[in-house]
Protein chains: 2
Amino acid sequence: MSPRRRATQVDIARAAGVSQATVSLVISGGHGSEQVAEHTRTAVLDAATRLGYSVNTAARSLKGGRNHILGLYTFESVFPTDQRDFYYPFLLGVERATAEVGYDLLLFSSVTPGPRRIYSDGINRLKVADGCVLLGRQVDHADIAELVRDDFPFVFVGRRELPGTELSYVAPDYGTATRDLVLRLTGLGHRRLAYLRPDDDQEPTRDREAGFRAGVADAGLPDQPVHALPVGSSPPVEQVFDLLSEPLTTLLATWRADGVTALLVDPGENDRTIAVLEQVATRAGVRIPGDLSVVVLGEPSPPLSARGADAALVSTRDWSRFTLPREGLGRAAVHLLLDLLDDGGPARQLTVPCVPVEGDTVGPPASVAG
Amino acid sequence: MSPRRRATQVDIARAAGVSQATVSLVISGGHGSEQVAEHTRTAVLDAATRLGYSVNTAARSLKGGRNHILGLYTFESVFPTDQRDFYYPFLLGVERATAEVGYDLLLFSSVTPGPRRIYSDGINRLKVADGCVLLGRQVDHADIAELVRDDFPFVFVGRRELPGTELSYVAPDYGTATRDLVLRLTGLGHRRLAYLRPDDDQEPTRDREAGFRAGVADAGLPDQPVHALPVGSSPPVEQVFDLLSEPLTTLLATWRADGVTALLVDPGENDRTIAVLEQVATRAGVRIPGDLSVVVLGEPSPPLSARGADAALVSTRDWSRFTLPREGLGRAAVHLLLDLLDDGGPARQLTVPCVPVEGDTVGPPASVAG
DNA sequence: ACCGGGCCCTAATTCACATTAACTACCGGC
DNA sequence: GCCGGTAGTTAATGTGAATTAGGGCCCGGT
């Protein structure tokens with residue numbers, strides 16, 4: 001049997017006795033359809049069905065049309081095993097929203113992360129989709145710049161900034177969520193707060209800290225101490241405890257001496273500060289929340305594996321905190337992307353509120369309670 | 001600022017003082033590169049780098065006929081909440097294998113919820129991909145027939161058969177796995193076996209039973225009893241126990257009377273036979289494996305939800321069984337699909353061995369042990 | 001000189017589709 | 001009968017890259 005060629009619009013045109021242009025008008029639906037007589041329309045659709053036609057997306061996107069495909073590019077594996085629980089809701093949100101608006105979702109897995117080579121299939125592979133949702137932490141700035149230069153529509157999940165350009169993104173509103181937590185604490189009577197954050201320089205870290213300062217100001221308090229801990233993602237899990245326990249013990253003593261009654265902890269990306277803090281506090285006889293109220297500005301990292309050194313550094317307490325609206329972020333990203341596609345406007349940003357979790361690590365300050 | 005167009009091969013050609021064809025030869029590497037003088041080569045590559053060139057894959061696939069996109073179509077939702085744990089490994093396998101071979105993965109979600117059809121408006125969406133992996137139980141036969149007619153390359157995960165046509169699929173080798181379990185039991189000294197299966201007429205059910213009969217024959221035993229239980233997916237969970245406990249109690253008594261020392265249970269798709277059997281056996285004072293060895297031909301169904309009537313029908317025993325190589329099936333499907341694409345040959349099938357799990361519900365027969 | 005034959009390179013074509021200007025009937029108004 | 005409008009269709013063009021047939025050019029052999 002001959003290798004049967006896929007049917008093209010020309011084939012349909014021939015079969016229906018019209019021109020290829022007419023076929024295109026009918027197939028692309030919407031706009032052009034109104035200019036085509038009904039009987040021609042049905043004749044064309046008939047022939048299309050008969051010949052098993054389907055559009056060639058390559059040709060369509062070459063010409064600049066719509067594919068009804070949204071891309072999802074992740075800077076890590078799309079179905080990561082380790083972080084499955086973390087990424088899954090994002091995927092879910094993106095997939096569902098995509099389906100709801102009648103698009104298909106293209107997972108870009110073929111693009112290898114890391115230093116991109118121009119002459120291999122690069123990131124411009126994204127262009128087979130109408131637009132793209134980008135997900136992941138290890139962002140390659142050069143790639144992004146290239147996308148911007150190409151004027152390709154994309155939306156980040158998570159706040160991203162690139163000097164000199166406006167990027168589109170959806171981001172959790174860490175700032176407001178943190179501010180609200182500060183106000184909750186001050187509302188309970190806390191007057192001396194401490195703030196603990198990783199020593200990185202990421203956007204989310206800055207947002208939270210800004211929220212903290214804003215909350216402190218709103219509550220009419222003077223500036224409160226902020227401490228940065230060296231918790232880059234680099235140290236192996238085995239060393240994390242040794243690395244953190246000493247500085248945390250020292251800080252704990254200082255706070256007690258200074259009359260600090262509440263602590264806000266930015267959990268960073270992958271760090272184990274919370275777990276170490278819990279152990280250090282127990283050892284020092286500091287009860288949470290009896291002696292010290294603690295809130296987590298996000299979600300404590302889940303264990304990377306179910307056992308081993310890492311599992312020991314996972315806390316099981318029900319921390320007072322807020323959570324990321326992960327599925328909501330995925331959905332919002334899709335909708336923002338569609339907006340961009342429709343009006344071709346400038347980059348825009350969207351924030352989605354975080355969800356507060358009551359938890360049981362917050363109480364009134366000791367001086368008030370006692 | 002003018003909307004800066006991205007660089008094309010023509011631009012590079014102009015910059016390097018050569019023709020577009022030469023640029024193509026250099027960029028595409030491999031074949032043509034050998035025909036291009038070294039200094040021309042470097043000049044072209046230079047210009048390409050300078051202009052920030054990258055290939056337009058849309059154009060490339062237009063010409064080449066390949067999109068480098070594999071589709072994944074599921075007859076149920078791609079990310080179902082309750083079956084997440086079941087489907088996830090398939091997705092993982094498909095995604096990883098797809099990435100490894102340099103393809104992207106297109107999830108067909110645009111199709112309306114409910115019973116999913118491939119040909120919705122008469123036009124086949126799947127064809128935007130080079131080929132497609134199909135996943136799910138509720139298969140629409142008309143759609144499949146249409147795909148076959150269109151000569152569209154696809155591979156099923158799970159054994160599928162359509163009268164009159166050969167379909168491509170990858171399937172777990174239930175037959176061999178079941179046979180091996182029979183031989184393990186007879187190797188331990190069991191001489192009277194019983195076999196329990198759902199009363200459906202699905203391929204996997206038949207495969208297992210055939211494996212059972214083969215094993216029995218291989219062991220030199222006469223035919224052993226086979227019982228079908230009415231466990232279609234229809235009855236609501238609340239009634240399952242009532243429905244099954246009586247016939248199982250009766251069967252159990254019969255087996256005991258007949259000297260049956262080992263039981264093989266086909267767990268079907270969604271059924272709770274194992275859990276009911278466990279409860280009934282306990283009530284009747286039959287110890288597993290002391291009085292009766294039991295093997296499960298697959299994996300006991302996970303609970304649909306964490307609590308409620310359903311959770312009570314989930315067994316926590318470590319049944320002797322075999323498991324589906326789910327990620328492996330996903331991977332195998334992708335590779336089989338690629339083979340089909342490359343040689344355009346006829347449909348073919350692939351079986352993947354199941355993984356035996358030791359478990360603790362098998363022992364020597366009582367008469368031997370005692 | 002002329003021819004033959006590699007070696008590099010180019011012009012032209014092809015791929016499937018979208019878009020647009022133009023063209024053809026057809027019809028009503030005057 | 002002419003003008004002008006409109007609905008329906010078409011021919012032509014553009015999109016970026018791959019491929020192929022062939023065309024210069026140089027060099028060695030005769």
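Here is the naming used below: chain letters follow the sequence lines, and residue numbers restart at 1 for every chain.
- Partners of B:R160 by side-chain hydrogen bond (donor to acceptor under 3.5 Å, both in side chains), not counting sequence neighbours: none found.
- First and last contacts of DNA chain C with chain B, using any nucleotide atom under 4.0 Å from a protein heavy atom and ordered 5' to 3', fall at C:dC8 to C:dA16.
- In this view, A:L340 and A:V155, A:S168, A:R348 satisfy the side-chain contact (heavy atoms from CB on, under 4.5 Å) rule, not counting sequence neighbours.
- The side chain of B:L62 approaches D:dG16 more closely than any other nucleotide in the set D:dT9, D:dA17, D:dG16.
- Every ring pair (Phe, Tyr, Trp, His ring centres under 6.0 Å) that A:F90 has, sequence neighbours left out, goes to A:F86.
- Axis orientation changes by 70° from one end of the helix from C:dA1-D:dT30 to C:dC30-D:dG1 to the other, with each end axis drawn from 5 pairs and the value rounded to 10°.
- Aromatic pair A:F154/A:Y73: centroids not less than 6.0 angstrom apart.
- Among the atoms of the strands shown, only primed sugar atoms or phosphate atoms (P, OP1, OP2) are found under 4.0 Å from some heavy atom of B:V18.
- For A:N56, there are no side-chain hydrogen bond (donor to acceptor under 3.5 Å, both in side chains) partners, not counting sequence neighbours.
- At a cut-off of 3.5 angstrom, the base of D:dG14 holds at least one donor-acceptor pair with the side chain of A:K63.
- In this structure A:T8 satisfies the side-chain contact (heavy atoms from CB on, under 4.5 Å) test together with A:R5, A:V10, A:D11, sequence neighbours excluded.
- Among residues two or more places apart in sequence or in another chain, the side-chain hydrogen bond (donor to acceptor under 3.5 Å, both in side chains) test is passed with A:S19 by A:T22.
- For A:E203, the side-chain contact (heavy atoms from CB on, under 4.5 Å) partners are A:R159, A:E161, A:R206, A:D207, not counting sequence neighbours.
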